[in-house]
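Index from 1, following the sequence.
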Amino acid sequence: MRNMNYTVRFLLSTACLSLLCGFGCGPRSYWQSPAPRGKLRFQFLLSFGAAGNGPGEFLDPQGLCLDPLGNLYVADTGNDRIQKIDPAGKFLAQFGSFGWEPGQFNKPTDVAVRTSLNFYVVDSHNRRLQAFDADFTPLAEITGDLGWLAGVAISNYGDIYITDTENNRLIKINPFGRVEVDFTGFGAESLLTPTGLALDREENIYVCDSGNNRIAVFDQFGSLLFYFGGEVLSEPEGLSVNSLGEVFVADTGGHRVVVFDEKGNLLQRIGAKGTAEGFFQAPRDVAANDDFLYVLDSGNSRVQKFKVVRNY
């Protein structure tokens, strides 16, 4: 653990602290391998997005999440903005522009939404996290001894977990802005280019250890529990864990999505490199609940939506 300095700056009033602490973010056929355990398959539903800078268009998008109402927030990295899209792919709103003032971004890479519909944005190249309310009003920012950031996840208790890709570490910040864990690991346990992350139902942290081609799993105190996927994954960059404990991984280098259970057992692989429905070009992130899977198909400048079908 390192002794680091971080600053939480509230932009409106001390009332923002309570807001910050209250954050709670017909089938067609395509290629998918037989489910190793025969339990999962996916039905393509729709695709939306295109390359560009207009509403509903993307430029090198790198992060997405689902809010409690089923809406998507997309970190449109190349356009330095966040877009909000409904479950049917309809553009709803956008905010942000290039800059370093509150509400501006320099390469936003991830977003996390809580039950209050307030959310965090990873403002990567400004080396900070920004907090917003549901109306996109800036509330607070977390800065300090941070490098280029990649992913963010928020616990049910308001703890903030971020991956610092530049410094190869996982950081836990409590709701009051104090660092509780700054974990880099040692030897074979060291993180290398960590990117996306997500929490399971027991508040364990799953991290895309992209440089090591695996997923690393930590408890909330920063202790490594186990890692998995080393024989399957290639530069994974994003993941999502649903309430059933299914772990959906954007296997960026493999141009596919790989699904595991929460212990790291392989459940399914879907997709391959391509532009057709159900195929991907460098998928950067995923967002999943118990019924649907959204894939941020970054190289194709789109999001693809699938229905999850279980054969129990």
So how far is it from [X] [atom1] to [Y] [atom2], rounded to the nearest 0.5 Å?
X	Y	atom1	atom2	answer
Lys307	Gln43	NZ	CD	7.0 Å
Ser190	Phe183	OG	CZ	7.5 Å
Phe306	Ser47	CZ	OG	8.5 Å
Arg256	Gln268	CZ	CD	10.5 Å
Asp164	Arg169	CG	CZ	4.0 Å
Ile270	Leu293	CD1	CG	5.5 Å

Not counting sequence neighbours, which residues clear side-chain contact (heavy atoms from CB on, under 4.5 Å) with [X]? List them please.
X	answer
Thr165	Ala150, Thr193, Thr195
Phe98	Asp80, Trp100, Asn106
Thr275	Gln281, Asn300
Asn289	Leu66, Asp291, Phe292

Side-chain donor-acceptor pairs of residues 215-234 under 3.5 Å, sequence neighbours excluded:
from	atom 1	to	atom 2	distance (Å)
Asp219	OD1	Phe221	N	2.9
Asp219	OD1	Gly222	N	3.1
Asp219	OD1	Ser223	N	3.0

Just to verify, what does [X] make a side chain to side chain donor-acceptor pair (under 3.5 Å) with, not counting sequence neighbours?
X	result
Glu166	Arg127
Arg302	Asp297
Asn242	Glu246
Gln94	Arg81

Q: Could you check Tyr120 against Ile160 for side chain to side chain contact (heavy atoms under 4.5 Å, CB included), going step by step and ending with a plain yes or no?
A: CA-CA 9 Å; Tyr120 279 114; Ile160 306 162; 2.8 Å; yes

Looking at every heavy atom in both [X] and [Y], which two are closest together, and how far apart are they?
X	Y	answer
Phe105	Asn126	C-ND2, 3.8 Å
Arg128	Asp123	NE-OD2, 2.6 Å
Ser240	Ala288	OG-N, 3.1 Å
Phe248	Val286	O-CG2, 3.2 Å

Q) Can Leu46 and Phe48 be said to form a side chain to side chain contact (heavy atoms under 4.5 Å, CB included), step by step? A) CA-CA 7 Å; Leu46 60 92; Phe48 54 89; 3.2 Å; yes

Give the table of side-chain donor-acceptor pairs shorter than 3.5 Å for residues 56-64, with sequence neighbours excluded, one pair per line with atom names and distance.
from	atom 1	to	atom 2	distance (Å)
Glu57	OE1	Asn53	N	3.2
Glu57	OE1	Gly54	N	2.8
Asp60	OD1	Arg284	NH1	3.1
Asp60	OD2	Gln62	NE2	3.1

Q: Would you please classify the geometry between the Phe136 ring and the Phe119 ring as parallel, tilted or perpendicular, with 30° and 60° separating the classes?
A: perpendicular

Q: Please answer whether the main-chain N or O of Ala282 pairs with a side-chain N or O of His255 as donor and acceptor at a distance below 3.5 Å.
A: yes

Q. Should side-chain heavy atoms under 4.5 Å link Ile, Leu, Val, Met, Phe, Trp and Tyr, which residues sit in the same cluster as Phe91?
A. none

Q: With side chain to side chain contact (heavy atoms under 4.5 Å, CB included) as the test, would you mind laying out the steps for Asn174 and Val179 before giving the verdict?
A: CA-CA 6 Å; Asn174 70 22; Val179 176; over 6 Å; no

Q. Given Arg269, which of Val249, Val257, Val259, Val258 fulfils the side chain to side chain contact (heavy atoms under 4.5 Å, CB included) condition?
A. Val258

**Q.** Evaluation steps, ring-ring contact (aromatic ring centres under 6.0 Å, His included), between Phe95 and Phe132
**A.** CA-CA 11 Å; Phe95 70 99; Phe132 299 85; 5.1 Å; yes

List the atom pairs, with distances to 0.1 Å, where a side-chain N or O of residues 203-211 and a protein N or O form a donor-acceptor pair under 3.5 Å, not counting sequence neighbours.
from	atom 1	to	atom 2	distance (Å)
Glu203	OE2	Asn156	N	3.4
Glu203	OE2	Asn156	ND2	3.2
Asn204	ND2	Asp200	OD2	3.4
Tyr206	OH	Asp200	OD2	3.4
Tyr206	OH	Glu262	O	2.6
Asp209	OD1	Leu192	N	2.8
Asp209	OD1	Asn212	ND2	3.3
Asp209	OD2	Asn212	ND2	2.9
Asp209	OD2	Arg214	NE	2.8
Asp209	OD2	Arg214	NH2	3.3
Ser210	OG	Pro236	O	3.3

(Q) Assess the residue pair Asp110 and Asp285 against the criterion (side chain to side chain contact (heavy atoms under 4.5 Å, CB included)); give the C-alpha distance rounded to whole Å, side-chain angles, the decisive distance to 0.1 Å, and a yes or no. (A) CA-CA 9 Å; Asp110 202 9; Asp285 204 0; 3.8 Å; yes

Q.
Side chains of Val241 and Leu199, heavy atoms from C-beta outward: is any pair under 4.5 Å?
A. no

